[in-house]
**Q** 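Would you mind keeping the following structure in view while I ask a few things?
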Amino acid sequence: MEQKEPIIRLDHLGKEFHTVNGTVKALEDINLDIYAGEIFGIIGLSGAGKSTLVRCINYLEVPTAGDVVFEGISMKGLDRAGINQVRRSMGMIFQQFNLLSQRNVLKNVCFPMELQKTPKDQAVKRARELLDMVGLADREKAYPAQLSGGQKQRVAIARALATNPKVLLCDEATSALDPNTTKAILQLLKEINRKLGVTVIVITHEMGVIEAICDRVAIIDKSHIAEVGSVSEIFSGPKSAIGRQLIMGDTVHADFGDSKLVRIIFDGRASNEPVLANLILACKVPVNIMYAATKDVNGTALGQMIIQLPKDEGEEKRVMNYLATAGIPHEEVTRDDF
Amino acid sequence: MTFDAATMDMILKGIQETLYMVGVSSVLSYLIGIPLGIVLVVTDKNGIRPIPAVQTVLGIAINLLRAVPFIILLIMVMPITQALVGTLVGSKAIVPPLVIAAAPYIARMVESSFKEVDAGVIEAAKSMGAGTFQIVWKVLLPEAKPSLLVGAAISITTILGYSAMAGFVGGGGLGAIAINHGYYRYELGLMLVTAAILVIIVQIIQEVMMRLSRATDRRIR
């Protein structure tokens, strides 16, 4: 990834909040490179600091340490006008849509252009193009209160793109929407990324969102970045405890007994083969499936399975040998890993 | 109950004077109160341009003015009244004290209307690079408009109530008639009639403002 300059670089970024109960570290030593044209996901549980992180990118929150570098320009050194200038190159959409309730759809989309004094006829023309693109050309006279959640988010997306930004920041943009609407909005974001080349940064607490559209993902936990990588990498082999938890969910807190546990990783190649059936036939031992999930990540079947081996040491060894010789990616795991 | 022509004339003149006092004072109070309300919200420690020192000083000044009973304020500001309108009697003389009493009240009403504006919408405007003035003019004022109109009904009614005290300092209007004729001369019928007219005026102000607020509020489907 060294061959190109990142469009956004977070450099030892930190953010502290001073409250009556003392200082709270929301972010600490965050280093991230986000490249032009990618869809970058930032996932974490609530309270992990992801919303603060996305607000640091456009300086809605001013970092207390480190720097944000946008297209080679350090934002730390910018004055108010300079920051406003950068913000116009970054669109943002929100969980609660944040449309102006007293303006109709067309005027909402015109709003950012009005702020930068675009001539009105030009702004209206551009707004109509965008509304057409998000599929709301026929609702330009409607007010936000007359729209569904999905429609409101479409208006918000059109509004965020009005000034031709290079980056689109999405703060839990689908978290207030039902599953079908979520799918449609994610599809739209992907289309915008592919067609317009806008770099999209997605903040979410749902792994499904990351799987659906992201190229790369950063997992954030307790104010720190736990791991960063391509979605398929992280999905097939999460290295951090939080990564495993996010990918496997809460299904693995059951009592496993005390025999050995092995995690089999399906990296796409292995998922076409009946790995487990072959293993059982070859080794002639029963194994217990503790957890299994396969997901379609960008057209590749990725997944993992946790199996419990027999207590008998000889049988256990046979299974391990089989996995090694068959070249199936696997690792021994302990209960503490989940 | 019937009144002679002179009394009818007096009542009509009273209505006119009341409307004049309330109208002029309301307009002037809003011209002062809205900017003060904006400053209170914008400079708040969680506002769009926090300047806590300004917020605190302005807040205290407003509370001081609001704490003084109107009838006392009326007397205290007499030098200002004299300087501004050149007289201490009549309907004109009641306008400066009314404005001085109402502007801080309106500032607080405006402040509370602005605080109802969704913080997320302000954040969205900021994310688009909106400056402080643009946020006030294009987000806070239009988004708060329905609430500002409801607040105006309350504020104007309060000014109407204050204006009735003009009678004590030789001002005019319905309040003065009620006091001078109804109270001092025991003309109970006249007092009831002026009170009834005041009630009707309040009803009209309230109804007009509420309808205006509802008709222009786009949050209602």
Side-chain angles (χ1 to χ4, degrees), chain A residues 18 51 54-55 57-61 78 80-105 107-117 141-147 152 155-156 159-163 165 167-172 176, chain B residues 34 38 41-52 54 110 112-152 209-221:
Chain A
H18 301 283
S51 273
V54 73
R55 278 166 179 73
I57 295 178
N58 62 3
Y59 259 59
L60 284 177
E61 293 284 0
L78 295 176
R80 197 183 293 272
I83 285 167
N84 279 343
Q85 204 55 47
V86 170
R87 282 178 183 164
R88 284 166 190 179
S89 306
M90 297 189 198
M92 187 167 184
I93 58 173
F94 304 85
Q95 179 170 2
Q96 295 305 328
F97 324 120
N98 296 347
L99 298 176
L100 292 148
S101 63
Q102 305 294 340
R103 280 177 176 239
N104 66 24
V105 165
K107 288 199 169 141
N108 260 286
V109 181
C110 286
F111 182 66
M113 296 184 276
E114 217 174 289
L115 293 178
Q116 39 175 288
K117 312 207 164 50
K141 291 272 178 280
Y143 283 88
Q146 299 164 319
L147 302 177
K152 281 184 212 171
V155 176
R159 183 176 71 171
L161 294 175
T163 53
V167 177
L168 180 62
L169 305 172
C170 310
D171 182 27
E172 296 277 10
Chain B
I34 286 187
I38 290 171
V41 170
V42 169
T43 59
D44 186 86
K45 66 181 194 306
N46 299 317
I48 44 181
R49 197 81 174 261
I51 315 174
V54 170
V110 169
S112 98
S113 290
F114 281 174
K115 284 200 165 155
E116 288 168 26
V117 174
D118 184 1
V121 177
I122 296 166
E123 191 179 39
K126 277 189 190 171
S127 80
M128 295 172 215
T132 308
F133 182 77
Q134 285 178 318
I135 292 176
V136 169
W137 193 248
K138 288 179 181 291
V139 181
L140 283 180
L141 279 168
E143 288 290 302
K145 195 175 76 183
S147 168
L148 286 171
L149 287 170
V150 174
M209 287 302 182
M210 293 305 274
R211 273 171 199 247
L212 213 56
S213 169
R214 246 176 288 144
T216 57
D217 190 352
R218 304 302 181 184
R219 285 170 300 183
I220 299 158
R221 285 161 192 253

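Any value given below was found using the heavy atoms of this structure, including those in side chains, with hydrogens, waters and symmetry copies removed. Below, chains carry the letters A, B, ... as their sequence lines are ordered, and counting in each starts from 1. All of these numbers come straight from a predicted model, not from anything done at the bench.
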**Q** Among residues 43-52 of chain B, which residues come closer than 4.5 Å to chain A, judged by heavy atom distances?
**A**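 From residues 43-52 of chain B, the residues near chain A are B:R49.
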**Q** Measure A:L169 against the heavy atoms of chain B and call it side chain, backbone, both or neither at under 4.5 Å.
**A**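 Neither part; nothing is under 4.5 Å.
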**Q** Look only at the side chain of A:R88 and the backbone of B:G129, and say whether a donor-acceptor pair between them is shorter than 3.5 Å.
**A**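 Here the side-chain-to-backbone pair exists.
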**Q** A:R159 versus B:M128: any side-chain heavy-atom pair under 4.5 Å?
**A**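 Yes - at least one pair of side-chain heavy atoms lies under 4.5 Å apart.
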**Q** Are the side chains of A:L60 and B:E123 in contact, using a 4.5 Å heavy-atom criterion?
**A**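 When only atoms from C-beta onward are counted, A:L60 and B:E123 do touch, with a gap below 4.5 Å.
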**Q** Can you name the closest pair of heavy atoms from A:Q102 and B:P142 and give their distance?
**A**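 Looking at all heavy atoms of both residues, the closest pair is CG-O, 3.3 Å.
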**Q** Considering non-hydrogen atoms only, spot the tightest contact between B:S127 and A:N58 and give its length.
**A**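 In terms of heavy atoms, the two residues are closest at CB-ND2, 3.8 Å.
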**Q** Which atoms form the tightest heavy-atom contact between B:A130 and A:L115, and what is the distance?
**A**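 That would be CB-CD1, 3.6 Å.
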**Q** Just how far is it from atom NZ of B:K126 to atom OH of A:Y59, taken to the nearest 0.5 Å?
**A**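 B:K126 atom NZ to A:Y59 atom OH measures 14.5 Å (nearest 0.5 Å).
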**Q** Using non-hydrogen atoms only, which part of B:A125 is less than 4.5 Å away from chain A: side chain, backbone, both, or neither?
**A**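 Contact with chain A: backbone and side chain both.
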**Q** Looking at A:Q95, A:E114, A:Q116, A:R103, which makes the most heavy-atom pairs under 4.5 Å with chain B?
**A**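 Of the candidates given, the most pairs with chain B belong to A:E114.
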**Q** Side-chain contact test, heavy atoms from C-beta onward, threshold under 4.5 Å: evaluate it for A:S101 versus B:E143 and give yes or no.
**A**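 Yes; the side chains approach each other to less than 4.5 Å.
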**Q** So do B:R218 and A:N104 actually touch side chain to side chain, heavy atoms under 4.5 Å?
**A**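 Counting from C-beta outward, A:N104 and B:R218 never come under 4.5 Å.
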**Q** With a 4.5 angstrom heavy-atom cut-off, which part of A:P112 approaches chain B: side chain, backbone, both or neither?
**A**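 Both backbone and side chain.
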**Q** How far apart are the closest heavy atoms of A:N98 and B:D118, and which atoms are they?
**A**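 The answer is OD1-OD2, 4.0 Å.
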